[in-house]
**Student:** 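I'd like to ask some things about the structure below.
Numbering of residues begins at 1 and proceeds along the displayed sequence.
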Amino acid sequence: MLILTMERMKQPMIEPVMQTVVRYHQFGGSDVLRFERIPLPRPLEGEVLVRVVSAGVLPVDWKIRKGSFPMPVQFPAIPGTAFSGVVEGTGPGVTAFQKGQEVFGRSAKGTYAAFTTAAVDAIALKPESVGFDEAAAISGGATTAWRAIESAGVKAGDRVLIHGAAGGVGLFAVQFAKCKGAQVIGTAGPANIDFVRSLGVDVAVDYMAEPFEHAAQDVDFVLDTIGGETLERSWPVIKRGGTLITITGKPPVERGMEFGIRVLPSSLATREDLAAIADLMDEGRVKAVVQHAYPLSEVRQAHERSEQGHGRGRIVLRIES
């Protein structure tokens, strides 16, 4: 036994493959984000290993980082859920994907990293006509909008009000609602009025110039991406029996009951949802918009820009391995 142990001790140690990630060890401002080297993750059963090309910067990323979003965080934490990239390996039992395929979707393991792992049910093949930056804008943007439009049962002839129509969720919601044949009213700042019209909005409301209530009455569905006063002012414009979904906090179900309005929670997209969105993008019926693409080295600037709000489309990080 001693000889065997000594022989094992003579064998060279295998160094783990390392990767660069962004992590933070406590809540705080953008200055808590730091670059670190950690071992490459291994895909578990039902997961794939992905080399991340682009990662979406969602508002929830910096809200979690600041400690203002109600969810548990285990430190050190890698930010990000949305990504696009290339499959580098598969875990046990995975047959739906193989090495070399270009994919997009979400990961619960953090995406501000050279590599991440993701469940096969949370990813789909990247549309051939869509670049990596645009694909990284789908999860958390297009997926949130898709689930809202589908859950609300939006159909041809419905009147739909979308707050923040130029934002990362709103711009997709406009397009999906138009694909359903709905009449869309969209709110935006003065710099984005022409932009939201280009997306297909039927009535574009400059919220700095006029109250949206002047243009929106008896609507069937409201998608609120703003919250606060905007959400509270939305109740009277929804017809009785209509629907509201807000992505800014806990669904105000009791408040909706006062107005006879159905309030639904936001929900996560499935792999089938991702594939359906990809098809619409490949057909040219829906487009992604990237506000700005930062290199990973400028992650702090990306977070700070996202915190400013009032943007057009999604901010993404281009990962440098």
Side-chain angles (χ1 to χ4, degrees), residues 59 140-267 280 285-287 289 309-314:
T143 53
T144 301
W146 176 269
R147 291 307 315 154
I149 297 298
E150 290 293 309
S151 297
V154 173
K155 60 186 183 302
D158 281 354
R159 286 170 55 81
V160 173
L161 171 61
I162 297 171
H163 289 304
V169 173
L171 71 88
F172 283 109
V174 169
Q175 296 176 85
F176 294 147
K178 292 305 295 181
C179 286
K180 298 285 189 180
Q183 180 189 30
V184 178
I185 304 160
T187 67
N192 286 323
I193 289 298
D194 288 340
F195 171 66
V196 297
R197 287 193 180 115
S198 74
L199 296 173
V201 163
D202 298 287
V203 180
V205 180
D206 176 356
Y207 63 79
M208 297 290 289
E210 64 172 323
F212 65 81
E213 296 93 329
H214 290 177
Q217 292 293 331
D218 295 322
V219 301
D220 298 281
F221 172 56
V222 168
L223 175 60
D224 167 52
T225 68
I226 308 298
E229 181 188 359
T230 297
L231 171 59
E232 191 57 32
R233 287 167 49 201
S234 296
W235 298 111
V237 308
I238 309 172
K239 65 173 58 173
R240 194 168 185 84
T243 305
L244 177 140
I245 292 178
T246 180
I247 63 171
T248 63
K250 183 179 179 181
V253 176
E254 293 183 359
R255 186 68 169 140
M257 292 175 64
E258 296 177 15
F259 289 89
I261 293 168
R262 183 176 59 149
V263 176
L264 300 178
S266 182
S267 58
L280 287 174
R285 300 179 65 192
V286 172
K287 64 179 179 180
V289 177
H310 306 290
R312 178 185 299 184
R314 183 67 74 208

**Student:** Which heavy-atom pair separates L161 from A216 by the least distance, and what is that distance?
**Tutor:**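 The pair with the smallest heavy-atom distance is CD2-CB, 4.1 Å.
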
**Student:** List the steps, then state whether salt bridge (Lys or Arg N to Asp or Glu O under 4.0 Å) holds for E150 with R147.
**Tutor:** CA-CA 5 Å; E150 290 293 309; R147 291 307 315 154; 5.5 Å; no

**Student:** Is the backbone N or O of E213 less than 3.5 Å from a side-chain atom of Q217, with the two atoms forming a donor-acceptor pair by type?
**Tutor:**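 Yes: the side chain of Q217 pairs with the backbone of E213.
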
**Student:** So which heavy atom on F259 is nearest to which on P236, and how close?
**Tutor:**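 Result for this residue pair: CE2-N, 4.4 Å.
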
**Student:** Should the heavy atoms of other residues, nucleotides or ligands under 6.0 Å from CD of E229 be counted, would the total exceed 12?
**Tutor:**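 It does not: E229 CD has 12 such atoms or fewer within range.
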
**Student:** Would you compute the distance between atom OG of S198 and atom NZ of K287 and round it to the nearest 0.5 angstrom?
**Tutor:**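 The distance works out to 4.5 Å.
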
**Student:** Got V289 and F195 here, is their nearest side-chain heavy-atom distance under 4.5 Å?
**Tutor:**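 Yes, close enough: below the 4.5 Å cut-off.
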
**Student:** Quick check against the 3.5 Å criterion: does R314 have a side-chain atom that pairs as donor or acceptor with the backbone of G140?
**Tutor:**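 Checked: pair present.
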
**Student:** Atom CG of L199 and atom CZ of F172: how far apart are they, to the nearest 0.5 Å?
**Tutor:**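 The distance works out to 9.5 Å.
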
**Student:** Are L280 and W146 side-chain neighbours, meaning at least one heavy-atom pair lies under 4.5 Å?
**Tutor:**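 In contact.
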
**Student:** Please report the interatomic distance CG(L244) to CG(D220), rounded to the nearest 0.5 Å.
**Tutor:**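 Atom-to-atom, L244:CG and D220:CG are 12.5 Å apart.
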
**Student:** Using a 4.5 Å cut-off on heavy atoms from C-beta on, say whether the side chain of L231 contacts that of V222.
**Tutor:**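 No; the side chains remain at least 4.5 Å from each other.
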
**Student:** Determine yes or no for a side-chain-to-main-chain donor-acceptor pair under 3.5 angstrom, with N192 supplying the side chain and G189 the backbone.
**Tutor:**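 It does not hold such a pair.
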
**Student:** Which value, rounded to the nearest 0.5 Å, describes the distance between I162 atom CD1 and Q175 atom CD?
**Tutor:**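 Interatomic distance, I162 CD1 to Q175 CD, rounded to 0.5 Å: 10.0 Å.
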
**Student:** Calculate, to the nearest 0.5 Å, the distance between atoms CG and CD1 belonging to D218 and I238 respectively.
**Tutor:**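 Rounded to the nearest 0.5 Å, the CG-CD1 separation comes out at 11.0 Å.
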
**Student:** Compare every heavy atom of G164 with every heavy atom of T187, then report the nearest pair and how far apart it is.
**Tutor:**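 Answer, listing the atom of T187 first, then G164: OG1-N, 3.1 Å.
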
**Student:** Is it true that a side-chain atom of R255 and a backbone atom of E232 form a donor plus acceptor pair closer than 3.5 Å?
**Tutor:**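 Judged by distance alone, no pair lies under 3.5 Å.
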
**Student:** Does T225 offer a backbone N or O that forms a donor-acceptor pair with the side chain of T248 under 3.5 Å?
**Tutor:**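 No, because the side chain of T248 does not come within donor-acceptor range (under 3.5 Å) of the backbone of T225.
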
**Student:** Let me confirm one number: the CG-CD1 distance from L264 to I245, rounded to the nearest 0.5 Å.
**Tutor:**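 It comes to 5.0 Å.
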
**Student:** Of all heavy-atom pairs between A173 and I149, which one has the smallest distance, and what is that distance?
**Tutor:**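 Looks like O-CD1, 4.0 Å.
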
**Student:** Can you spot which of V184, D202, V160, V169 makes a side chain to side chain contact (heavy atoms under 4.5 Å, CB included) with V174?
**Tutor:**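 Single pass found, and it is V184.
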
**Student:** Would you name the heavy atoms of A215 and V203 that are closest together and state the gap between them?
**Tutor:**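 Where A215 meets V203 most closely, the heavy atoms are CB-CG1, 3.9 Å.
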
**Student:** Assign the ring pair H163 / F212 to parallel, tilted or perpendicular, where the plane angle (0 to 90°) is split at 30° and 60°.
**Tutor:**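 Ring orientation of H163 relative to F212: perpendicular.
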
**Student:** On a heavy-atom basis, which atom in I226 and which in D224 lie closest, and how many Å separate them?
**Tutor:**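 Closest heavy-atom pair between I226 and D224: N-OD1, 3.0 Å.
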
**Student:** More than 12 non-hydrogen atoms from neighbouring residues, nucleotides or ligands closer than 6.0 Å to CZ on R285, yes or no?
**Tutor:**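 No, because the 6.0 Å sphere around CZ of R285 holds 12 heavy atoms or fewer from other groups.
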
**Student:** Between D158 and K180, is there a side-chain heavy-atom distance shorter than 4.5 Å?
**Tutor:**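 No, their side chains stay 4.5 Å or more apart.
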
